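From a predicted model like this one, the values you see are computed outputs, not experimental measurements. Basis for what follows: all heavy atoms, side chains included, without hydrogens, waters or symmetry-related copies. Start at 1 with the first residue, then count along the sequence.
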Amino acid sequence: KAIDPNNFDIVDAHGNASHATKVYDGTSNYTVPSGWNLRPSTGHGTGVITADEDKINFAIDPNKGAHFTKADNTTRTANAYEATRVAYNVKATADNGYEYLLKNYTLNGQNLESGNATATGAGTITRRTINVGLAEASGIDKVYDGNANLIDTANRRHQTFADADGRANVGYAAGTTNANKLVRTKNGYGVDDSAQVTVQGSYADKNVARDGGGNVIAKNITYHVEIAGDAGKNYFLSDGATTVNAENGMNLSATGKIMPRDLSGAFKKVTKVYDGTKNVDPSKVGFEIGANGVVSGDAVGLASGRTQEFESENVRGSGTPWTAPDGTRQHNWVNYSNLSLTGADAGNYTIASTAKGLGEITPYVLNPTSVDFTIGPASKTYDGTKTVKWTDGSSAPSDQKKYITSATVNINGNHVNVLDDLKVSSAEYDTKDVDNGRSANRVTYNLSYTGTSGNFSLAPGNTTFAKQGNGIITKKDVTA
């Protein structure tokens with residue numbers, strides 16, 4: 001015979017109908033308070049037949065306790081949002097000599113003599129309150145980076161919870177005991193549940209805040225704290241003044257400054273070819289884009305009225321080096337003065353009134369078209385060779401060079417003499433023959449650069465360049 005579990009009520013030690021409750025602890029277990037029992041415990045109303053009423057007794061089994069279930073009275077649950085009933089393990093006994101009677105009954109689908117039968121009563125698991133707070137509520141500063149995100153440091157994390165990372169700014173409020181912490185074995189609980197506190201911290205917006213005088217001031221920071229999903233339905237979050245359902249989340253407030261990014265060391269490198277001046281083309285002046293310069297997409301630039309010039313007009317500088325912010329040693333650079341910023345995003349940046357930036361002057365490349373030559377006509381008497389000879393018959397390169405009377409480059413209208421820095425390595429006619437007295441462009445001079453100023457060079461990979469000049473070979477007079 002099946003006994004209906006609804007025949008029984010759960011009553012406390014005073015005989016009052018009970019409502020079991022506990023605070024969420026990650027388990028379905030329920031410890032039955034002392035004195036709680038079933039009503040009726042025997043006799044009429046238990047569901048046994050009349051003949052057995054005075055021989056069978058029912059009681060809550062103190063050794064097996066009870067557990068929370070869903071509304072179906074069967075499925076165990078540890079969750080506050082599911083638990084509505086408590087299943088109490090029932091111990092059925094019979095008077096001496098009548099133990100066999102137990103085998104005639106079932107309770108809640110279990111044989112009565114098995115000891116596994118249960119009766120259910122009302123019950124709830126209440127949410128556990130987690131007390132949260134901030135390790136630091138002010139002075140949370142960063143340098144402008146174009147977004148509102150908080151920046152983690154070696155000692156402080158802003159997008160995690162202290163239970164997962166001891167460096168987190170969001171954690172348990174000061175003085176919180178284990179009773180108001182997550183269900184973890186390290187916090188004194190019997191299990192580790194799946195609840196994870198998520199934290200999203202950010203400034204009110206991405207921009208530097210300033211007062212009416214232009215001074216940088218603190219701005220609001222919001223940390224959104226939440227336990228997402230069903231796991232959150234087992235918890236409340238409390239900041240000491242407000243308590244909310246954990247799955248909905250709560251906001252904690254702090255303040256901090258976004259400091260303007262300094263662009264004094266963010267100038268783009270300026271390069272020009274040697275022209276004998278310190279001049280810098282203003283159109284080539286600007287800032288790097290990215291981590292070491294202007295945030296991509298920001299509208300900020302240099303205001304008019306500035307000046308810029310190279311430290312030295314020479315390729316190799318003035319002889320006094322400068323160590324750039326990146327640690328490199330510079331022999332030449334650009335000096336800037338009267339600097340200020342303009343643009344819609346200029347308020348997020350700052351710059352010193354004077355600064356230095358990378359700059360390089362590259363050598364002026366010497367070649368047949370960049371050098372203006374004056375070359376006199378070479379002359380010699382036919383000797384069966386193509387070798388160029390000076391008027392005294394010498395074929396030494398230094399004498400061959402004497403035909404070149406001038407070599408200059410035009411640097412901003414100034415004719416700079418480079419003849420002394422050029423060396424003739426060889427000079428030859430195009431053929432060894434008189435060739436009917438032809439002279440135009442017959443001689444090729446192969447020239448190398450020997451200058452030490454650094455302001456001139458040959459094209460990369462070249463050690464010489466060729467220049468043509470006039471030359472004549474006269475007939476040799478043969479005496480009979």
* **Given N279, V280, N335, the one that forms side chain to side chain contact (heavy atoms under 4.5 Å, CB included) with F310** => V280
* Scan residues 82-100 for pairs that pass salt bridge (charged side-chain N to carboxylate O under 4.0 Å, His left out), counting only residues two or more places apart or in two chains. => K70-E82
* Structure fact -> One should read off an interatomic distance between T21 OG1 and I125 CD1, to the nearest 0.5 angstrom, of 8.5 Å
* For the residue pair K22 and T27, confirm or rule out a side-chain donor-acceptor distance under 3.5 Å. => yes
* Asked: Using a distance-only test with no angle check, is there a side-chain donor-acceptor pair under 3.5 angstrom linking D163 and Y172?
  -> yes
* **N251 and H224 side chains, donor-acceptor separation under 3.5 Å** => yes
* Structure fact -> Separation between CG (L38) and CD1 (I60), nearest 0.5 Å, reads 5.0 Å
* To do: Would you please test D152 and R167 for salt bridge (Lys or Arg N to Asp or Glu O under 4.0 Å) and show each step?
  => CA-CA 10 Å; D152 288 343; R167 298 168 296 178; over 6 Å; no
* Asked: With distance as the sole criterion, is a donor-acceptor pair present between the side chains of D72 and T74 under 3.5 Å?
  -> no
* **R127 NZ/CZ over F236 ring centroid, <6.0 Å and within 45° of normal** => yes
* **Closest non-hydrogen atom pair between T255 and N220, with its separation** => CG2-OD1, 4.1 Å
* T118-N108 side chain donor-acceptor pair, cut-off 3.5 Å -> yes
* Inter-residue atom distance Q200.CD - N149.CG, 0.5 Å rounding -> 9.5 Å
* Going by the angle between their ring planes, with limits at 30° and 60°, are F287 and F267 parallel, tilted or perpendicular? -> tilted
* Asked: Which heavy-atom pair separates Y223 from N169 by the least distance, and what is that distance?
  -> OH-ND2, 2.9 Å
* Identify the two heavy atoms, one from P363 and one from S457, that lie closest to each other, and give their separation to 0.1 Å. => CB-OG, 3.5 Å
* **Separation of T320 OG1 from H331 NE2 (nearest 0.5 Å)** => 11.0 Å
* Check: N79 side chain, Y81 main-chain N or O, donor-acceptor pair, under 3.5 Å -> no
* Going by atom types only, do N314 and Y274 share a side-chain donor-acceptor pair under 3.5 Å? -> no
* Distance, nearest 0.5 Å, that separates CZ of R39 from CD1 of I10 -> 10.0 Å
* Of all pairs that satisfy salt bridge (charged side-chain N to carboxylate O under 4.0 Å, His left out), the ones with a partner from residues 320-346, not counting sequence neighbours -> none
* ring-ring contact (aromatic ring centres under 6.0 Å, His included) pairs, two or more places apart, involving residues 175-208 -> none
* From H67 NE2 over to T77 OG1, what is the distance, rounded to the nearest 0.5 angstrom? -> 10.5 Å
* After noting the C-alpha distance and the side-chain angles of V365 and F456, does the key distance pass the side chain to side chain contact (heavy atoms under 4.5 Å, CB included) rule? -> CA-CA 6 Å; V365 175; F456 301 96; over 6 Å; no
* Inspect the contact between D192 and K186 and indicate whether a charged nitrogen and a carboxylate oxygen are less than 4.0 angstrom apart. => no
* Asked: According to the interplanar angle, ranging from 0 to 90°, do the rings of W36 and Y88 count as parallel (below 30°), tilted (30 to 60°) or perpendicular (above 60°)?
  -> tilted
